[in-house]
Participant: 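Have a look at the structure that comes next, please.
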Amino acid sequence: MKIIKVILSIFIFVFITKAKSQTFELGKVSTAELIEKKHYKDTSAVACILYKKGRTFFSYNATSGFTVNHEYIYRIKIYKKEGLSWANFQVPYYVGYEDMKDESVKFSNCVTYNLENGNIVKTKLNSEGNFKKNVNEYWNEASISMPNVKVGSVLEFKYILKSEGIVKFPTFKIQYDIPVNYAEYATEIPEYFIYKPILTGYVKIKAEAKYVNGSQSFENRHNQSASISYKQINSVYLAENIPALKEEGYIDNIENYRSSIYNELERTRFPEQPVKDYAITWEGVAKTIFENKNFGKELNEQLYLIQDVKIILKNVVSEDEKLDVIFKFIQNKMNWNKEYGFYTDKGVKKAYADRTGNVAEINFILIAMLKLAGINVNPVLISTIEHGVPIFPNRTVFNYVIAAAEIDGKQILLDATHKYTTQNILPFNILNWTGRLIKQDETSQEINLVPKLASKVNYTLMTKVDGLGQITGKLRVQNTDYEAYGFREKNAQKKKEDYLEKLENDLGGIQISDYEIENKDKDLSKPTLETFTFTSANLCEIIGGKMFINPMLFFTLNKNPFVQEKRLMPIYFGYPKQEKYNINLEIPEGYIVESTPKTMKIAMEDKVVLFTINTQVEGNRIQIIITKEMNVAVLTADYYDDLKDFFQKIIDKQNEKIVLKKL
């Protein structure tokens, strides 16, 4: 039996295989590379990385101790004009350290090669094509714009990133949106540092590691030559013929499945010093984070809230009501500045006074108020979908924090940064597998962020067909839970006329009148409810005295959303969902029902996806009840072929028309 649980495509390679690197020299671009018109495997490729090589090694000086260097070499071939964007290359580097020097990036050996009249012509990058800019207070960006690039060019460049930050190496990407012919990454790590290498994705990677002698020469504090010797681990990772990473539908974050390598520091062990662990366990993560003044200290600030808590909880007794009142108060009072993070920036007191703050500040204020009200509550660290999946214990993967309250043994997840969230209804981009609840006593526990209960959309249609095939009717749409949240997020701020214009187009060009919406932004815990009347002349065909009507009218699924032959990545739906259609159709006088779609039930294995259609005819009325259920948020790629076939059956079933025959 297939297992519904999705296993992420993240593997730690504990085996070692012999790895043999290719011979490569900067400046030795060949005529064969220049005359190549298309990629030998992927003819659709707009460009290709012919060769990528990375090397991470350590330097030592008497002042800073060990620093780390990351050296990269690229050779890129341009096949089509759409690939010319590869002439522009950017490298971000960190400048936000409090007690260390800023990182630095330096490009070199930047040359464009072209074939002109049978000769290889080189164009070197000058200073005008080399840029640096400030992104924000923590990051700068170095970039190059290669000269004389055209279809057929080969680009070559090198850069080195120097850093005193040794906690995590930059991710070495093996897979890109274009094919990569060869990738090689080498690390030379002194025995004083123990790193955890993590390999992600589906590309087969060969690896080799050796324990060798290492040494460093440096000037001591007295400007005298000195040296240190040690053992080091030299590792090499190789991959060849790497296909482009193609965007697929129903993906949470394609970066989760991109083949890459990154190293995170587990511990240091210097001579005559105690071993120091760096987030080797989740408890270590919790301890490290709580010790940061912008987390633990700010989380415990409460005095500035006491007076307001007394006022808003006056005459409020139960814990459930206290939680509801406090959450709505913070949600309405505070405004999110769109900044992520689990550390505060300007601090909770100033954020509260300004009524504006980042994610941590707003949800820390919420946590503090709930604690003052006597409610058991703790922070939950999260990595947003676009940020990646937090599989292994480390503190750098998180970029978000919410609150987890507990009342009568029930856990309630809360995020007050968004205006339309409610209890256990969180922003879509934080429904990212699991979070990590951490407590001040340094314990932690995994929190499942994937919704278990299905969010529902119920459609009720009362329709009538006239003798000319025009269909009029009334539609009622009810959205619950995440469907209601999504509706509010998407449409609450839209003008009514703009929304209705789009809705008419989305529903096959119908004409809408008498539109009403209930509970659009009042009680967010309750469903939204839309009602309107409609008219359409496009939903019925009259051929030879017969009328042909699609049973789902303007809700018909015409195209299978799953069209690829093969799927490697999990299929992500976000949350379980149920759609129910109750369609009542009154036929015109002078017609009888000749045929309707037969009652049928389609279910995938384990009933992870279900489709039912029930048809009943009574006199001049037809009732069709259709249910589509997606009972899981994520499916493994093993289900892909069955899912593709399932949706095709739905499409085929919807093409079975209601046929009315004229008397």
Participant: For Glu298, which residues count as a salt bridge (charged side-chain N to carboxylate O under 4.0 Å, His left out) partner, sequence neighbours excluded?
Facilitator: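 So Glu298 forms no salt bridge (charged side-chain N to carboxylate O under 4.0 Å, His left out) with any residue.
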Participant: Are Tyr74 and Phe89 close enough that their ring centres sit under 6.0 Å apart?
Facilitator: yes
Participant: With a 6.0 Å cut-off on ring centres, are Tyr195 and Phe169 close enough?
Facilitator: yes
Participant: Begin with the C-alpha distance, continue with both residues' side-chain angles, and end with the deciding distance and a verdict on salt bridge (charged side-chain N to carboxylate O under 4.0 Å, His left out) for Arg258 and Asp177.
Facilitator: CA-CA 9 Å; Arg258 186 184 299 278; Asp177 301 338; 3.4 Å; yes
Participant: Apply side-chain hydrogen bond (donor to acceptor under 3.5 Å, both in side chains) to Asn88 and list each qualifying residue two or more places apart in sequence or on a separate chain.
Facilitator: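 If we apply the side-chain hydrogen bond (donor to acceptor under 3.5 Å, both in side chains) test to Asn88, skipping adjacent residues, the hits are Ser145.
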Participant: Nearest 0.5 Å, what's the CE-OG1 distance between Met146 and Thr123?
Facilitator: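 Answer rounded to 0.5 Å: 9.0 Å.
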Participant: Does Lys37 make a cation-pi contact with Tyr79 (under 6.0 Å, within 45 degrees of the axis)?
Facilitator: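 The answer is no; the distance or angle limit is not met.
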Participant: Could you tell me which residues satisfy salt bridge (charged side-chain N to carboxylate O under 4.0 Å, His left out) with Glu36, sequence neighbours excluded, listed by chain and number?
Facilitator: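 Residues passing salt bridge (charged side-chain N to carboxylate O under 4.0 Å, His left out) with Glu36: none at all.
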Participant: Can you tell me which residue pairs pass the salt bridge (charged side-chain N to carboxylate O under 4.0 Å, His left out) test with a partner in residues 287-296, sequence neighbours excluded?
Facilitator: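 Of all non-adjacent pairs touching residues 287-296, those that pass salt bridge (charged side-chain N to carboxylate O under 4.0 Å, His left out) are Lys287-Glu291.
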Participant: Output all residues satisfying salt bridge (charged side-chain N to carboxylate O under 4.0 Å, His left out) with Glu82, sequence neighbours left out; order by chain, then residue number.
Facilitator: none
Participant: Report the residues that fulfil salt bridge (charged side-chain N to carboxylate O under 4.0 Å, His left out) with Lys246, sequence neighbours left out, ordered by chain and then residue number.
Facilitator: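 Partners of Lys246 under the salt bridge (charged side-chain N to carboxylate O under 4.0 Å, His left out) test: Asp42.
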Participant: Identify whether NZ of Lys or CZ of Arg in Lys52 sits under 6.0 Å from the centre of the six-membered ring of Phe172 and within 45° of that ring's axis.
Facilitator: yes
Participant: Report the relative orientation of the aromatic rings in Phe270 and Tyr192; use parallel for angles under 30°, tilted for 30 to 60°, perpendicular for over 60°.
Facilitator: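 Correct class here is parallel.
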Participant: Could you measure the distance from the CD1 atom of Ile144 to the CZ atom of Phe107? Nearest 0.5 Å is fine.
Facilitator: 4.5 Å
Participant: Would you sort out whether Lys132 and Glu141 count as a salt bridge (charged side-chain N to carboxylate O under 4.0 Å, His left out), showing the intermediate values?
Facilitator: CA-CA 6 Å; Lys132 289 187 179 179; Glu141 183 182 84; over 6 Å; no
